[in-house]
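What follows is one structure encoded as structure tokens, with my remarks underneath.
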Amino acid sequence: MKNILNLPSPLVALQSHFLNKKAVNVWIKREDLIHPQLSGNKWRKLEFNLKEMRRQGKRGILTFGGAYSNHIYATAAAGRLFDFSTIGIIRGEAILPLNPTLSFAREAGMQLEYLDRTTYRDKAKAHKIYQARYPNYCILPEGGTNTHAIPGSARTAAEIREQLSRLPDFICLACGTGGTLAGIVAGLDGESEVLGFSVLKGDFHQRDIQQLLLEANIKDPKNWSVKTDYHFGGYARRTPELDKFIADFKRDYGIPLEWIYTGKLMYGIFDLIEKDYFPKGSSIVVIHTGGIR
Ligand SMILES: *Cc1c(COP(=O)(O)O)cnc(C)c1O
């Protein structure tokens, strides 16, 4: 299964005059290079959910997402690559023609259904309805975040430890549901300080991540926190300043970012470096969770 995936994902050092001047050492963990269609943290979160699906003898995965969801895209790609059935429950009304995410999903063999926003929001109810309708499928919540997502994401931390021969002072990543952050924390032993950068408005992450760790039976070492100042107005909102940062970063470092997750993350990190948030000599690993396509 894994030989078509680029694992362990590359860990590359960032070099620039600015970083030298600030005396910080920065690496990027290129989870975006794991697979062109199964990029980044979505593969990590799926890995053990697929194992669980096979263990239960189910024929596929049914999951939820918005019309632009990277998780819907990745689940559809995984279904085609690893030969299992997929159903995507999409929030809201059908809009035709299908956007690139949904037309990819359908071409990959995903069955698409639409769910009104009110029912969609009531996650427990939606889960129940679809489990009754599709008993042969494992139901995965939006974003692929559940208990089984944790061990796959924990692998990212283990790989960093192997690749650096130690752990860095800081590990930084973008937070949507916070599932990836919970997995990274689970893969550490309280070492490193983990900084999440929320791409949504609000401060629900603290509670959600604590809950996930609890459900996964992981003692919370409390070496993590979530920055809430870099969402640029909310989920999928963008500004000319953010777009310029992403273009400059591509030019200066040759690494692509997008404006929903990794652009906001990297903007936040560079802002913190500029403000001398990280002590001189700090080692910082930034997780590129993917999302480029
Ligand atoms: C989904 C996604 C995230 C958010 O991951 P969570 O586990 O939900 O916090 C971050 N980056 C990219 C590129 C994503 O697609």
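Side-chain atoms of Phe245 and Leu257, non-hydrogen and from C-beta on, do get closer than 4.5 Å to each other. Contact annotation: the side chain of Arg121 never approaches that of Arg91 to less than 4.5 Å [non-hydrogen atoms, C-beta and beyond]. Counting heavy atoms from C-beta on, the side chains of Glu47 and Leu7 never come closer than 4.5 Å. Two residues are said to be in side-chain contact when any heavy atoms from C-beta on lie closer than 4.5 Å; Leu19 and Phe270 meet this criterion. Trp224 places a side-chain heavy atom less than 4.5 Å from the side chain of Leu213. Here the side chains of Phe84 and Met53 are in contact, with some heavy-atom distance below 4.5 Å. The closest side-chain heavy-atom distance from Ile139 to Phe64 is below 4.5 Å. Inter-residue side-chain proximity for Glu31 and Asn41 is flagged as unmet; no heavy-atom pair is nearer than 4.5 Å.
Judged by distance alone, with hydrogens and angles left aside, the side-chain atoms of Ser39 form no donor-acceptor pair with the main-chain N or O of His35 at under 3.5 Å. Panel note: side chain Asn6, backbone Leu33; a donor-acceptor pair is recorded below 3.5 Å. With hydrogens and angles ignored, the 3.5 Å screen pairs a side-chain donor or acceptor of Ser283 with a backbone N or O of Asp169. Without hydrogens or angle criteria, His288 side chain to Pro256 main chain gives a donor-acceptor distance under 3.5 Å. Asp252 places no side-chain N or O within 3.5 Å of a backbone atom of Ser16 that could act as its donor or acceptor partner. The closest donor-acceptor contact from the side chain of Lys125 to the backbone of Thr119 lies at 3.5 Å or more, if one exists at all. Between the side chain of Lys58 and the main chain of Pro135, a donor-acceptor pair closer than 3.5 Å is present. Judged purely by atom type and a 3.5 angstrom limit, Tyr235 has no side-chain atom pairing as donor or acceptor with the backbone of Ile260.
Here the closest non-hydrogen pair linking Leu167 and Ser192 is CB-OG, 3.5 Å. Considering every non-hydrogen atom in both Leu14 and Ile255, the closest pair reads CD2-CD1, 3.9 Å. Counting all heavy atoms, side chain and backbone alike, Thr86 lies closest to Ala76 at OG1-CA, 4.2 Å. Across every non-hydrogen atom of Arg161 and Gly187, the tightest pair is NH2-O, 3.6 Å. Annotation for Ser153 and Gly183: closest pair CB-CA, 3.7 Å, computed over non-hydrogen atoms. Scanning all heavy atoms of the two residues, the minimum distance from His231 to Gly233 falls at ND1-N, 2.9 Å.
Stacking of Lys51 on the aromatic ring of Phe48 is recorded, both the 6.0 Å distance cut-off and the 45° axial limit being met.
In this structure, the ring of Phe82 has its center less than 6.0 angstrom from the ring center of Trp43.
Using cut-offs of 30° and 60° on the angle between ring planes, the pair Tyr130 and Tyr134 is parallel. Classified by interplanar angle (parallel below 30°, tilted 30° to 60°, perpendicular above 60°), the ring pair Phe197/Tyr230 is tilted.
Side chain to side chain, Lys29 and Ser9 meet the donor-acceptor criterion of an N or O pair below 3.5 Å.
Here the options are Val286, Val194, Ile284, Leu272, the test is side-chain contact (heavy atoms from CB on, under 4.5 Å), and the partner is Phe170; only Ile284 passes.
For the atom pair Asn223 CG and Ile184 CD1, the distance stands at 11.0 Å (nearest 0.5 Å). A distance of 10.5 Å separates CG of Asp83 from CZ of Arg59, quoted to the nearest 0.5 Å. The distance from atom CG of Leu173 to atom OG1 of Thr289, rounded to the nearest 0.5 Å, is 7.0 Å.
Note: the hydrophobic cluster containing Leu81 does not contain Phe104 (ILVMFWY, side chain heavy atoms under 4.5 Å, direct or indirect links).
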Task: Candidate pair Thr145 and Lys45, rule side chain to side chain donor-acceptor pair (under 3.5 Å), full reasoning - done: CA-CA 7 Å; Thr145 290; Lys45 293 198 282 186; 3.0 Å; yes
TODO: Kindly indicate, with the supporting measurements, whether the criterion salt bridge (Lys or Arg N to Asp or Glu O under 4.0 Å) is fulfilled by Lys123 and Glu142.
DONE: CA-CA 9 Å; Lys123 291 185 176 141; Glu142 193 173 44; 3.7 Å; yes
- [ ] Apply side chain to side chain contact (heavy atoms under 4.5 Å, CB included) to Ile72 and Asn70, showing your working.
- [x] CA-CA 6 Å; Ile72 289 288; Asn70 289 343; over 6 Å; no
TODO: Using the side chain to side chain contact (heavy atoms under 4.5 Å, CB included) rule, take Ile246 and Thr262 through it: C-alpha gap first, then chi angles, then the decisive distance, then the call.
DONE: CA-CA 9 Å; Ile246 290 170; Thr262 54; over 6 Å; no
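More than 12 non-hydrogen atoms from other residues, nucleotides or ligands lie less than 6.0 angstrom from CZ of Phe204. In Gln131, the CD atom is crowded: over 12 heavy atoms of neighbouring residues, nucleotides or ligands sit closer than 6.0 Å. Heavy-atom neighbours of Ile129 CD1 from other residues, nucleotides or ligands within 6.0 Å: above the threshold of 12. Around atom CG of Asp203, no more than 12 heavy atoms belonging to other residues, nucleotides or ligands sit under 6.0 Å away.
In summary, Arg166 and Glu191 do not engage in a salt bridge, as defined by a charged side-chain N under 4.0 Å from a carboxylate O. Between Arg55 and Glu52 a salt bridge is recorded (basic side-chain N to carboxylate O distance below 4.0 Å).
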